[in-house]
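To start, the structure itself, in structure tokens.
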Number of protein chains: 2
Amino acid sequence: MASKSTRDRIVEEADALFYRVGFEATSFHAIASGVGISRGNFYHHFKSKDAILDAVIACRAEATREMLARWETEGRGAREQLLCFIHILVANRADIMGHGCPVGTLTNELAKADHPARESAADIFALFREWLAQRFEVLGAKDRADEYALHLLAWSQGVATLAAAFRDEFFIDREIAAITAWLDKAIGFSPYSH
Amino acid sequence: MASKSTRDRIVEEADALFYRVGFEATSFHAIASGVGISRGNFYHHFKSKDAILDAVIACRAEATREMLARWETEGRGAREQLLCFIHILVANRADIMGHGCPVGTLTNELAKADHPARESAADIFALFREWLAQRFEVLGAKDRADEYALHLLAWSQGVATLAAAFRDEFFIDREIAAITAWLDKAIGFSPYSH
DNA sequence: GTCTATAGCCGGATAGAC
DNA sequence: GTCTATCCGGCTATAGAC
């Protein structure tokens, strides 16, 4: 396997920094020293900071699509696939308590800055929304599939925000249990029926 | 009534700008031209930008305490008082769709910046948490009062984030209805029992 | 208490050598 | 493709006149 290109390493480093410290607060100096190149070298790969942001968002969108596709093969049914989504709050708990949800916090920042990339950042939310709605449709909630999808998205966003504010992981566990209980009720799943 | 002091007008303007465009992104120039004073005049009132942030957070905390106290006199019972909290999503819907929740977005930004004021910003969440828990205690949910309070806070945060991402006010209405239904079930309220 | 002027720093962006 | 050197602008903060 060929080693990563400089361009890819820039995107990777920028992605991590945009998440941990924010887009505006991340300087070229910080990205450059993380990658191990000089500041001037940047402009051979990207013509502006906004161009890096576009690349990071595209990269995140692609990673999201791949993750959703992976869940479809991993989960044995639509309910298990939805549980995969809920599980990311557990798997990423340390990062979430420190820096919130990457999608939610970036969208918020770009909204305040009235940044042209705001919409493409919000489109990652839309990827989740559509994927979740499809699972609910499979489970027979055709009329309310999108409603359920948005509800699940909102709930997980709220958990991420509060977990970051209070740095409380017990709270995450409790909400995960509540979300799972809600899900099973919404789709008419009974623990005794299988 | 005496006209507002320059200091108060600075805090007021900074408060609005920190909400609409964020703390880091707000320059002294923007605050100064909003208030109608020169940049240099600032340092007579505050010794640094962080000092303004502290004043804004203290101001918001005080406004929150006053609002909670007002709800206690306005609401005829604990359930109505809880509905006052839920209602802020409706009353502030335009601002929320444009800039999210003031508490949640500031806490997020300060967390990423690892800013010393992060905790005092999160304390405003704690004010809501304690007040909400007290209402649930009055309603007889003593063991789960804090759990319910956090759940309600998280839910409203999630609604604010998604409403801002999708700019969808119909979504807000639907979630408000769901929150109210959840509340009445949690506290054992029946629409036929009064 | 308010102003103007300016210091000092750091950001993104550019030019051109290698 | 990578580097060094530099420009330009905006930012916080300070000094000192009025």
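In this structure, A/S33 has no side-chain contact (heavy atoms from CB on, under 4.5 Å) partners at least two apart in sequence or on a different chain.
In this structure, NZ of A/K49 is placed 15 Å from P of C/dT14, rounded to the nearest angstrom. A straight line from CD of A/E24 to P of D/dC11 spans 11 Å, rounded to a whole angstrom. Rounded to an integer number of Å, the gap from CG of B/L53 to P of D/dT12 is 13 Å.
One N or O on the side chain of A/K49 and one on the backbone of A/F23 form a donor-acceptor pair closer than 3.5 Å. Of the possible donor and acceptor atoms, none in the side chain of A/Y19 sits under 3.5 Å from a partner among the backbone N and O of A/A14.
The stretch residues 27-44 of chain B touches DNA chain D through B/S27, B/F28, B/R39, B/G40, B/Y43, each having a heavy atom within less than 4.0 Å of the strand.
A distance of 10.0 Å separates CG of A/D15 from CZ of A/R20, quoted to the nearest 0.5 Å.
Residue contacts shown for B/T26 are limited to sugar-phosphate atoms, with no base heavy atom under 4.0 Å away.
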Salt bridge (charged side-chain N to carboxylate O under 4.0 Å, His left out), that's the test. Do A/E109 and B/K112 meet it? Break it down for me. CA-CA 11 Å; A/E109 184 184 348; B/K112 300 223 182 212; over 6 Å; no
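Nearest nucleotide to the side chain of B/H45, out of D/dT2, C/dT2, D/dA13: C/dT2.
A close approach under 4.0 Å does not occur between any side-chain nitrogen or oxygen of A/T6 and OP1 or OP2 of D/dG1.
For the side chain to side chain contact (heavy atoms under 4.5 Å, CB included) test with B/F18, the passing option among B/T105, B/L53, B/I57 is B/L53; the others fail.
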